[in-house]
Amino acid sequence: MSAGRLLIIEDEAVIGMDLMNSLEHIGHEVLAVIPSGQEAIDFVDRQPVDLILMDINLNGPMRGTEAARIIYEKHHTPVVFLTAHANPETLAEAEKAYPYGYILKPFRQKELAVTIRFALNRSRAEHPATSDTSSVTTEDPITSGRLIGHPHQVVEEPLESWLGRLCPDARSETAQALKEGESISRLLPSAQDPGLWIDFTAFAYQPGASHKVTPDGEDIQSPNVVAVFREISSQDAVSAQLPDWTLNLSSETAESVLITNTSGQILSVNPCFTEKFGLSTAEALGNSYEEILGLKRHGDSGREQACKAGEDHWQARGSVTAASSQELEIVERGYVVYGLSGQIEYLVIVLQELESLKNFSGMLNYMAFHDELTGLGNRFLMDDHLALEINRASRRKSSLAMLYIDLDDFKPVNDQYGHQAGDEVLRTLGRRFRENLRDIDTCVRVGGDEFIIIAPDINGSEGALLLARRVMGWLTEPVPVMETRLQVACSIGIAMYPENARSAQTLINAADAAMYKAKGTGKMRITLSERQPPPDHRHAVA
């Protein structure tokens, strides 16, 4: 297998960059990520490309199918479509563009790697004169990954011959999928050796198909199959048969992960498990995880109940004993993996410490309600606190002030010194808010350079004006950034509850309008809202 120079046509930049990283990781060279069909045509006109990965819906008026057809007719550059659409109209449209592959999103990396491999080999066989061998390497992106077991083999043979490698129970389903033009990835028992499994990706194609004459003289054309496969032991099949997310979880997660049979006997554990519980892999294998960990469930349904009920997952609270002999409160999450027969083959079990879950939950809660850059609250926190403070002020018959603050000279900071300097200014201002406001005050960042302060129990509008002047003093102090001192100005609008508004949104609107009035009169201005609250009809007499 030789690597190729690939071009990605994808109008979602994040998807395109992620795809580029994946392809470069397995040895290909990605020349560019381009968002439109016309730009793709122009690029291939200027520079040779071995293979194009093309989305169908793109920026601009030209669809990916049209761009692919033009490129192939001009340069014979193979195109593989990567799309989320498989309706008959789109498929018919794609067929006219001479594609070398059609992969539906979301797809597995191995499926993509195999499709690229076959497309490159087919293109180089069909158009050897246009193939540029300067980019050929000996690295095989299929076998250079983390798959273990026997080396991969590549075969091209008649469908019947290929099916003969598989166990009889799997042949009918596999044959049907291949005849329908699917590219399939499966793990199936081997027909030749009961102790081996075949991990393969294959597709069928018509050129060079074999012929079979039936007893009544009918000539039946059978497609050929191209497959990349390896034979692995039953033990390796445990890992290979699990979904990709469980493989990543087992090797990379900071939680204890184990794979068991339906009786709870351990088949595999991850490094975190052995470290947490002081057991080597050899000591753990074959034992009941409930027994060796001293698992005590707190009345929740566990493994046995889930398996009997035919459920595909379960969750239970309990306690286990760690390597330090300390009893840990844990959450046990179990996931059921079914085999081809529809019976449960394996269980994937994740043991998470309750304390770490609480800390993680607290971190997520903080992230949900706070601005990442400044550490101040965000709009969600403002909505939550504002509703509480209005109810509290209503009960106590007290005043509540809202200060709406907008930085006047912030854009020139970004334009002249860059966004990194701008971020440093905002971080410094956020720190000043936190250090100087009262504990009962709430400050949130509601926009790039806009802030709101909710100040309860304040001495009416006079107290709010005094607070606004103090805030203006903090914000206009120079900020040391990049061996210089940057300074910003601000405009502040003030609205009072209940003098200017009696609801959260009308209070925000009144403060916002007052801020814009302050900006309209020049920099470094403070304006108190003059709005009257809407009539309160709750006590009107009918």
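All residue numbers in this chain count up from 1 along the given sequence. Everything numeric in this text was worked out from a predicted model, so none of it was measured.
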No-hydrogen, no-angle side-chain donor-acceptor test under 3.5 Å, [X] and [Y]:
| X | Y | value |
| --- | --- | --- |
| H75 | D45 | yes |
| N57 | R63 | yes |
| T90 | E93 | no |

Least distance between heavy atoms, L163 atom then A175 atom: CD1-CB, 3.5 Å

Closest contact, heavy atoms only, G448 versus L426: O-CD1, 3.6 Å

What's the spacing between [X] [atom1] and [Y] [atom2] if we round to 0.5 Å?
| X | Y | atom1 | atom2 | value |
| --- | --- | --- | --- | --- |
| D512 | E450 | CG | CD | 7.0 Å |
| T77 | R5 | OG1 | CZ | 9.5 Å |
| I452 | H385 | CD1 | NE2 | 14.0 Å |
| E10 | D55 | CD | CG | 4.5 Å |
| S256 | N270 | OG | CG | 6.0 Å |
| L19 | L112 | CG | CG | 6.0 Å |

With a 4.5 Å limit on heavy-atom distance, are the side chains of [X] and [Y] in contact?
| X | Y | answer |
| --- | --- | --- |
| D408 | D449 | no |
| L7 | V44 | yes |
| M62 | S36 | no |
| I508 | M382 | yes |
| R171 | T174 | no |
| M54 | I8 | no |
| I71 | E66 | no |
| Y102 | L91 | yes |

For F81, ring-ring contact (aromatic ring centres under 6.0 Å, His included) partners two or more places apart: none

Geometric class of the F451/F433 ring pair [parallel <30°, tilted 30-60°, perpendicular >60°]: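 Plane angle between 30° and 60°, so tilted.
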
K411/D415 ion pair, N-O < 4.0 Å: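 So K411 pairs with D415 through a salt bridge.
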
Check: A119 main-chain N/O paired with S123 side-chain donor or acceptor under 3.5 Å: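 Checking the backbone N and O of A119 against the side chain of S123, no donor-acceptor pair under 3.5 Å is found.
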
Name of the residue among V488, T374, I405, L376 meeting side chain to side chain contact (heavy atoms under 4.5 Å, CB included) with L429: V488

Sequence neighbours excluded - ring-ring contact (aromatic ring centres under 6.0 Å, His included) pairs with any residue from residues 39-73: Y72-H76, Y72-Y98

With D406 via side-chain hydrogen bond (donor to acceptor under 3.5 Å, both in side chains) - residues at least two apart: K519

